[in-house]
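Nothing here was measured: the structure is a model prediction, and the numbers come from that model.
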Amino acid sequence: PYYNTIGMSIVELYNKCCEDANGLMELKQDDKRKVLQKVQVIGATTSGATNVKALIDSSGAEVVLVEEAGEVLEAHVVSGLTSAVKHLILIGDHQQLRPKVNTYQLQCVSKKGYDLDRSMFERIALSGSIPHTQLNVQRRMRPQISALIRQQTYPHLQDHEVVKNYPDVMGISKNVLFCTHNFPQDGTGRHDDNTSHSHDYEAEICISMAKLLMQNCYKPSQIVILTPYLPQLTIIRKKAATRMANIQSLISDMDRKDLAAANLLDNDSDNGEDNEDDNEDNKYKEKNDKDSTQPEVEFMRMATVDNFQ
């Protein structure tokens, strides 16, 4: 009986604790609801909006705007819609990057039919069921680059005057170059996996080009090396560590996570390569800890295409 009494007391205390915790959480949620009901705009990531859907639903928001909608999974868009929504606005480009799906067989390019990475934006745009508008004036690419995609993807694309005044790349005869070679890809290369490819010779070209640009007064921070594949990113980073002693590769947290998941992260050369903003304190500390006679280490951004933003 004594043990039963203690046991019942513990259970009652636990239930009371849970009840009080739920009550406290409800009070906090109520304060947040009052705030949301007063504001005109609520900002959130798609995953964040899903996590607090009940809270956003209580705001009575009638319009949902999704930017970069071509890169958002359809399920993430649908799960973020609340009962009060009357107008959904999708802004993006279905002809560029699709939503990221790690399993190759579930991607559109696998031709398996699952097409999990086909966004709602792409599906609606291709179906023609709902009218959409396209912006035709670009203000980023120099004309030599926009001419390439104009022939392939955007026939009505126009160049704004601002891109026609970009200075030429120093030390190179042309602003856009393509390199053709006959060196084979490393290993056998599994064509059923879009993350398996690597090419040692092309990695050498990337490092040589980066060194040439630095010899023509460009800082490492002004240079970015991009590759579609994780193994190639690993090779480029290793070659950079060997051939550019005072240059350290800077990779994003997303690439670091993908490299670690694929067992491609080299811990021996992976110090100080976090997100650039998060790493400023470390770089400052390392700079002051070193002997002033030693050359200062500089950082060059390297990334996969999917994770470069």
Side-chain angles (χ1 to χ4, degrees), residues 71 96-97 100 140-142 144-146 148-149 166-181 183-187 189 193-280 282-283 286 295-309:
E71 298 183 43
Q96 294 191 26
L97 290 177
K100 188 170 183 179
R140 291 186 177 182
M141 297 172 283
R142 62 168 65 248
Q144 295 93 329
I145 298 176
S146 62
L148 299 174
I149 63 172
Y166 288 162
D168 293 330
V169 179
M170 295 183 291
I172 300 178
S173 60
K174 297 181 179 180
N175 293 316
V176 177
L177 290 173
F178 288 92
C179 175
T180 302
H181 63 79
F183 289 85
Q185 182 175 282
D186 299 344
D193 186 349
N194 68 340
T195 64
S196 64
H197 307 300
S198 63
H199 203 295
D200 189 84
Y201 179 74
E202 291 179 1
E204 287 284 355
I205 293 178
C206 289
I207 299 303
S208 297
M209 182 64 72
K211 293 184 68 174
L212 175 62
L213 292 172
M214 287 188 293
Q215 290 169 357
N216 283 275
C217 301
Y218 288 101
K219 298 178 181 179
S221 59
Q222 294 177 292
I223 302 171
V224 178
I225 300 179
L226 297 178
T227 175
Y229 309 114
L230 284 172
Q232 187 72 355
L233 178 61
T234 302
I235 293 175
I236 292 172
R237 293 177 65 216
K238 289 181 178 179
K239 288 187 178 296
T242 302
R243 296 187 54 191
M244 299 186 292
N246 299 323
I247 307 299
Q248 190 151 17
S249 59
L250 188 68
I251 62 173
S252 68
D253 291 338
M254 294 179 66
D255 274 330
R256 180 191 300 279
K257 182 179 178 180
D258 290 344
L259 288 169
N263 294 320
L264 294 172
L265 193 61
D266 185 0
N267 293 325
D268 294 337
S269 61
D270 194 47
N271 296 324
E273 298 177 11
D274 277 314
N275 179 286
E276 188 171 3
D277 293 334
D278 297 337
N279 201 42
E280 287 298 327
N282 290 336
K283 288 192 284 186
E286 291 173 2
E296 183 179 347
V297 175
E298 297 184 84
F299 293 81
M300 181 182 298
R301 181 74 189 275
M302 301 178 186
T304 57
V305 175
D306 285 354
N307 290 337
F308 182 70
Q309 295 290 342

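A pairwise comparison of heavy atoms in I247 and P220 identifies CD1-CG, 3.4 Å as the closest pair. Minimum interatomic distance between M302 and I251 (heavy atoms only, all atoms of both residues): O-CG2, 3.5 Å. Here the shortest heavy-atom pairing between A262 and L230 reads CB-CD1, 4.5 Å. Nearest heavy atom pair, residue C179 against residue I205, reads SG-CD1, 3.6 Å. Y218 and V169 make their closest contact through OH-CA, 3.5 Å (heavy atoms, listed as atom of the first residue, atom of the second, distance). Shortest non-hydrogen contact noted between A203 and I235 is CB-CG2, 3.6 Å.
With rounding to the nearest 0.5 angstrom, the OH atom of Y229 is 12.5 Å from the CD1 atom of I236. Here the straight-line distance linking atom CZ of R142 with atom OH of Y166 works out to 8.0 Å at 0.5 Å rounding. Note that the CG atom of D200 and the CG atom of D186 stand 5.5 Å from one another [nearest 0.5 Å]. Rounded to the nearest 0.5 Å, atoms CD1 (I225) and SG (C206) are 5.5 Å apart. To the nearest 0.5 Å, the span separating CZ on R301 from OG on S252 amounts to 5.0 Å.
No side-chain heavy atom of T227 sits under 4.5 Å from any side-chain heavy atom of V305. K174 is listed as a side-chain neighbour of L177, based on a closest heavy-atom distance under 4.5 Å. Under the 4.5 Å side-chain criterion, counting only non-hydrogen atoms from C-beta, M300 is not in contact with Q222. Side-chain atoms of L148 and F178, non-hydrogen and from C-beta on, do get closer than 4.5 Å to each other. Residues M214 and M244 are in side-chain contact: their nearest non-hydrogen atoms beyond the backbone lie under 4.5 Å apart. I172 is listed as a side-chain neighbour of M209, based on a closest heavy-atom distance under 4.5 Å.
Under a 3.5 Å cut-off, the side chain of N216 and the backbone N or O of L212 do form a donor-acceptor pair.
Under the 4.0 Å criterion applied to side-chain N and carboxylate O atoms, E204 and K239 are assigned as salt-bridge partners.
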Please walk me through it: do R256 and L265 pass side-chain contact (heavy atoms from CB on, under 4.5 Å)?
CA-CA 7 Å; R256 180 191 300 279; L265 193 61; 4.0 Å; yes
Applying side-chain contact (heavy atoms from CB on, under 4.5 Å), run through L250 and R237 and close with a yes or a no.
CA-CA 9 Å; L250 188 68; R237 293 177 65 216; over 6 Å; no
One pair to check against side-chain contact (heavy atoms from CB on, under 4.5 Å): T242 and I207. What are the steps and the verdict?
CA-CA 10 Å; T242 302; I207 299 303; over 6 Å; no
Take I149 and M141, measure what side-chain contact (heavy atoms from CB on, under 4.5 Å) needs, and give me the verdict at the end.
CA-CA 10 Å; I149 63 172; M141 297 172 283; 3.4 Å; yes
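Using the six-membered ring where Trp is involved, H181 and Y201 have ring planes that are perpendicular, over 60° apart on the 30 and 60° scheme.
Inspection of the T304 and D255 side chains reveals an N or O donor paired with an N or O acceptor under 3.5 Å. Donor-acceptor pairing under 3.5 Å is recorded for the side chains of R243 and S208. Side-chain atoms of Q232 and H199 form no donor-acceptor pair, as typed in the model, at a separation below 3.5 Å.
Partners of D258 according to the salt bridge (Lys or Arg N to Asp or Glu O under 4.0 Å) rule, which considers only residues two or more places apart in sequence or in another chain, are K100.
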